[in-house]
**Q** 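One structure coming up, written as structure tokens, with questions to follow.
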Amino acid sequence: MTRNMELRQSFIISKGFRNYFLYSLLFTIIEQICIVVDMILVGNFVNADAFSALNLVVPVESIVTGLIMLTTGGAGIVASRCIGDQDFDRAFGALSVAVVSTLIIIALVSAMGLYFMDGIVRILCPEDVLSGYLRDYLGIYFLSLIPIALYSIVILLLNIDGKPAIALLMVASASALDIILDVVFMKYMGLGTKGVAFAGTASYTVPLFFLIPYLSSNRCSLKFMIRNGKLARDDFNENIITGIPYCLPYIIMCTIIFVINKLTLTKLGPFGLYVWGAGYHVLSLVIVTMDCIGGTILVIMGSMLVGSHDMTGFSIFAKRCSKVAAMVVGAIILVVMTFPEWTLSLFGYNLPSDLGNAVLWVRFIVLLGIPYTVCCLKIYVSQALDRKWISTVPLAIFFILTVGGFCLSAVLNPQWMFPSFLISGILFILSDFLACAILRRYLKGVSGYLLIPPQDSVKSKCFSVSYSREGIESALPVLESFLDTMGTSPATIVNVNLCCEELMLSIVDNNAGKKLGEDWFFDVFVLDDEDEIKVTVKDAGAPFNPVRKYTGNAVEAMSSGEDMELSLRLVNRICKEFKYNYMYGQNTIYLSFAKA
């Protein structure tokens with residue numbers, strides 16, 4: 001066995017991460033820049049009171065997002081895991097039920113929000129000077145919840161289908177439209193906070209006219225399929241159960257922000273609320289970064305690796321996500337720590353000459369991003385590993401320490417409310433290390449801070465294959481030896497080896513002439529799944545779909561030397577199930593064989 005066969009290479013995972021992360025990070029940056037620009041324009045085109053009022057809306061928006069993620073986030077995890085396990089009908093069923101249930105739930109929330117809007121405004125802010133801005137914004141916002149929900153669903157489907165580039169294009173277009181309409185509605189038409197709400201509604205609605213037809217076309221591999229009776233109910237129940245830990249961070253953040261808003265306005269007044277708003281909108285860059293790295297990449301791509309029982313690949317992937325999260329979040333915090341005055345002046349407030357504690361406050365606010373990042377990584381890894389309730393442990397600790405410390409400081413000395421974030425953050429990280437030590441005693445075999453289980457080497461085999469004919473030839477004996485230890489019939493062993501060899505050789509031939517370098521590899525994963533053998537082959541070369549209809553005559557193909565077409569015809573014929581998708585810049589091929 002060569003060294004390349006002894007060690008699992010990170011090439012395919014790293015390549016997929018870079019492809020997906022580039023799109024997802026740009027997606028996140030564009031979306032968040034749009035939100036920040038919205039607030040800057042509100043502060044400059046309306047006034048600072050309008051800016052402060054819209055900060056008070058954040059808890060409502062967090063609740064709505066949490067409810068959307070309860071169904072769609074759970075369905076995304078379920079579907080990704082099922083795709084990794086090659087259970088496509090169940091994946092399509094979970095996503096289809098999520099579409100219907102999300103729209104029903106959000107329609108009810110929209111109606112209730114409009115009916116109880118006066119009460120909601122009073123709860124958020126009893127002061128008349130701000131409540132008018134709140135009422136103007138919320139009246140339009142609640143009407144726009146259906147397109148917001150549809151937009152979120154469509155973006156999720158594009159990501160699961162491995163099309164982040166299309167999602168990025170639509171988000172960039174929608175963000176540009178939103179900013180242009182902000183200027184038109186607020187500066188030139190004088191609509192105030194109604195203007196920013198109208199612009200947001202348009203930016204969510206217009207892309208749907210392009211995205212929904214795409215999802216209905218043959219270019220999308222996902223299908224709308226509501227399964228009958230009990231299966232549909234099971235899909236809904238599993239979506240909800242899986243989505244609860246996914247939804248909880250939004251509900252927790254809603255509670256945290258609501259408490260901070262109320263206490264800050266009461267204890268520190270409008271200027272304190274402004275400082276918190278400015279700090280929070282920078283902190284939101286950390287929040288959406290973790291949504292990108294964790295909620296999108298780690299959960300969707302990670303769940304597919306877990307679904308295919310590839311724990312080695314998941315471990316590599318989780319570590320890569322953690323490193324990038326540390327780099328991005330660290331850069332955001334460094335900017336604010338270095339330029340706090342610039343951060344405070346960005347949102348249009350006429351700052352006093354003596355800022356007092358404001359500079360110190362905004363630094364402590366953004367430091368909350370460190371424990372939040374750690375908390376999110378633990379939550380998303382637990383969700384991908386289907387540890388539904390363990391993921392609530394770090395979340396509960398984070399909530400208790402953050403809110404408890406802030407409230408205690410508000411009672412003892414309001415000037416220490418924001419510095420309390422540093423103390424609660426240190427206590428959270430220390431307590432989380434203690435919780436990990438305890439959980440490692442109960443979760444046998446798990447390792448590291450993220451508690452990732454080891455690869456099941458008895459029922460599965462994962463290895464990397466050098467991108468060459470020599471590498472493929474050296475891999476086949478390893479594959480044959482593993483299948484033989486599983487009690488697989490000789491005929492099935494021959495079929496699996498033949499199909500894997502022909503597929504990889506065809507892909508190598510398809511990339512002939514391209515300068516790929518010596519460090520390119522296939523990833524091959526084999527699973528003994530009771531009555532069948534499941535094989536997944538991934539590569540990062542040019543798009544290549546081997547699942548085709550061959551109408552030509554086999555004898556003619558052989559005599560004419562069309563080896564690739566003939567071999568692929570054989571693969572299509574031999575496999576019990578054979579599916580293909582081009583996802584995250586990778587060819588992903590799923591094969592299934594009867595074990596006997």
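This chain uses plain numbering: 1 for the first residue, then up along the sequence.
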**Q** Would the distance check show the side chain of S409 and the main-chain N or O of P414 forming a donor-acceptor pair, the cut-off being under 3.5 Å?
**A**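 Side chain of S409 to backbone of P414: no pair is present.
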**Q** Please check if the side chain of T201 supplies one atom and the backbone of S144 the other of a donor-acceptor pair under 3.5 Å.
**A**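 Such a contact is absent between T201 side chain and S144 backbone.
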**Q** I'd like to check Y141 versus I148 (side-chain heavy atoms, cut-off strictly below 4.5 Å). Are they in contact?
**A**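 When only atoms from C-beta onward are counted, I148 and Y141 do touch, with a gap below 4.5 Å.
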**Q** So N261 and P59, do their side chains get closer than 4.5 Å, heavy atoms only?
**A**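 Yes, close enough: below the 4.5 Å cut-off.
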**Q** If we ignore hydrogens and angles and just use 3.5 Å, is the side chain of T65 paired with the main-chain N or O of E61 as donor and acceptor?
**A**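 A pair under 3.5 Å: yes.
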**Q** Hey, could you give me the CG/CE distance between L412 and M417, rounded to the nearest 0.5 Å?
**A**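 These two atoms lie 11.5 Å from each other.
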**Q** Decide yes or no on side-chain contact (heavy atoms from CB on, under 4.5 Å) for T402 and F406, but give the supporting numbers first.
**A** CA-CA 6 Å; T402 303; F406 195 84; 5.7 Å; no
**Q** Do W361 and L268 have side-chain heavy atoms sitting under 4.5 Å apart?
**A**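 The answer is yes; the side chains approach within 4.5 Å.
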**Q** When the ring planes of F428 and F398 are compared, do they come out parallel, tilted or perpendicular, using 30° and 60° as the limits?
**A**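 Judged by the thresholds at 30° and 60°, the geometry between F428 and F398 is perpendicular.
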**Q** Do the non-hydrogen side-chain atoms of T193 and M186 ever get within less than 4.5 Å of each other?
**A**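 No. Closest side-chain heavy atoms not under 4.5 Å.
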**Q** Out of curiosity, S382 OG to L377 CG, how far, rounded to the nearest 0.5 Å?
**A**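 It is 10.5 Å, given to the nearest 0.5 Å.
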**Q** Is there a side-chain contact (heavy atoms from CB on, under 4.5 Å) between L124 and F258 once you walk through the steps?
**A** CA-CA 8 Å; L124 293 175; F258 177 76; 4.3 Å; yes
**Q** Can you find a pair of side-chain heavy atoms, one from I260 and one from F421, that are under 4.5 Å apart?
**A**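 SC-SC contact between I260 and F421 confirmed.
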**Q** Could you tell me whether a side-chain N or O of S203 sits under 3.5 Å from a main-chain N or O of G200, the two making a donor and an acceptor?
**A**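 Judged by distance alone, yes, a pair lies under 3.5 Å.
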**Q** Starting at CD1 of I179, measure out to CG of D38 and round the result to the nearest 0.5 Å.
**A**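 That separation rounds to 7.0 Å.
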**Q** Has S315 got a side-chain atom pairing as donor or acceptor with M311's backbone, closer than 3.5 angstrom?
**A**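 No; judged by distance alone, with no hydrogens or angles, the pair does not exist.
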**Q** Shortest non-hydrogen contact from A410 to L263?
**A**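 Residues A410 and L263, closest heavy atoms: CB-CD1, 4.0 Å.
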**Q** Roughly how far apart are I68 CD1 and I63 CD1, rounded to 0.5 Å?
**A**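 It comes to 12.5 Å.
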**Q** Between L401 and L427, what is the shortest heavy-atom contact and its length?
**A**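 Smallest interatomic distance, heavy atoms only, reads CD1-C, 3.7 Å.
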**Q** Are the side chain of K194 and the backbone N or O of G139 linked by a donor-acceptor pair below 3.5 Å?
**A**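 No; zero donor-acceptor contacts below 3.5 Å.
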**Q** How far does CZ of F314 sit from NZ of K319, to the nearest 0.5 angstrom?
**A**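 Separation between the atoms: 11.5 Å.
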**Q** For E341 and V362, run side-chain contact (heavy atoms from CB on, under 4.5 Å): C-alpha distance rounded to whole Å, both residues' side-chain angles, the deciding distance at 0.1 Å, then the answer.
**A** CA-CA 9 Å; E341 295 89 351; V362 79; over 6 Å; no
**Q** Within this structure, what is the CG-CG distance for the pair L439 and L434, rounded to the nearest 0.5 Å?
**A**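 Here the interatomic distance stands at 9.5 Å.
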**Q** Could you tell me whether the side chain of T102 and the main chain of V99 form a donor-acceptor pair under 3.5 Å?
**A**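 No; judged by distance alone, with no hydrogens or angles, the pair does not exist.
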**Q** What's the shortest heavy-atom distance between C436 and L451, and which atoms?
**A**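 In terms of heavy atoms, the two residues are closest at O-CD2, 4.0 Å.
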**Q** Check the pair I256 / Y372 against side-chain contact (heavy atoms from CB on, under 4.5 Å), numbers first and verdict last.
**A** CA-CA 12 Å; I256 291 173; Y372 180 81; over 6 Å; no
**Q** Which pair of heavy atoms, one from V78 and one from E238, lies closest together, and at what distance?
**A**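 Answer, listing the atom of V78 first, then E238: CG2-CG, 3.8 Å.
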**Q** Just say parallel, tilted or perpendicular for the rings of Y280 and W276, cut-offs at 30° and 60°.
**A**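 Rings of Y280 and W276: tilted, 30 to 60°.
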**Q** Taking the side chain as every heavy atom from C-beta outward, state whether L150 and I106 have any pair of such atoms under 4.5 Å apart.
**A**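 L150 does not reach I106 side chain to side chain.
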**Q** Looking only at non-hydrogen atoms, find the nearest pair between F418 and F364 and report the distance.
**A**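 The answer is O-CB, 3.4 Å.
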**Q** Can you find a heavy atom in the side chain of N239 that is under 4.5 Å from one in the side chain of T71?
**A**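 The answer is no; the side chains never approach within 4.5 Å.
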**Q** Could you check whether any side-chain heavy atom of L70 comes within less than 4.5 Å of a side-chain heavy atom of I240, counting everything from C-beta outward?
**A**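 L70 reaches I240 side chain to side chain.
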**Q** Work out which heavy atom in V121 is nearest to a heavy atom in R135; give both atom names and the distance.
**A**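 Shortest heavy-atom separation between V121 and R135 comes out as CG1-NH2, 3.9 Å.
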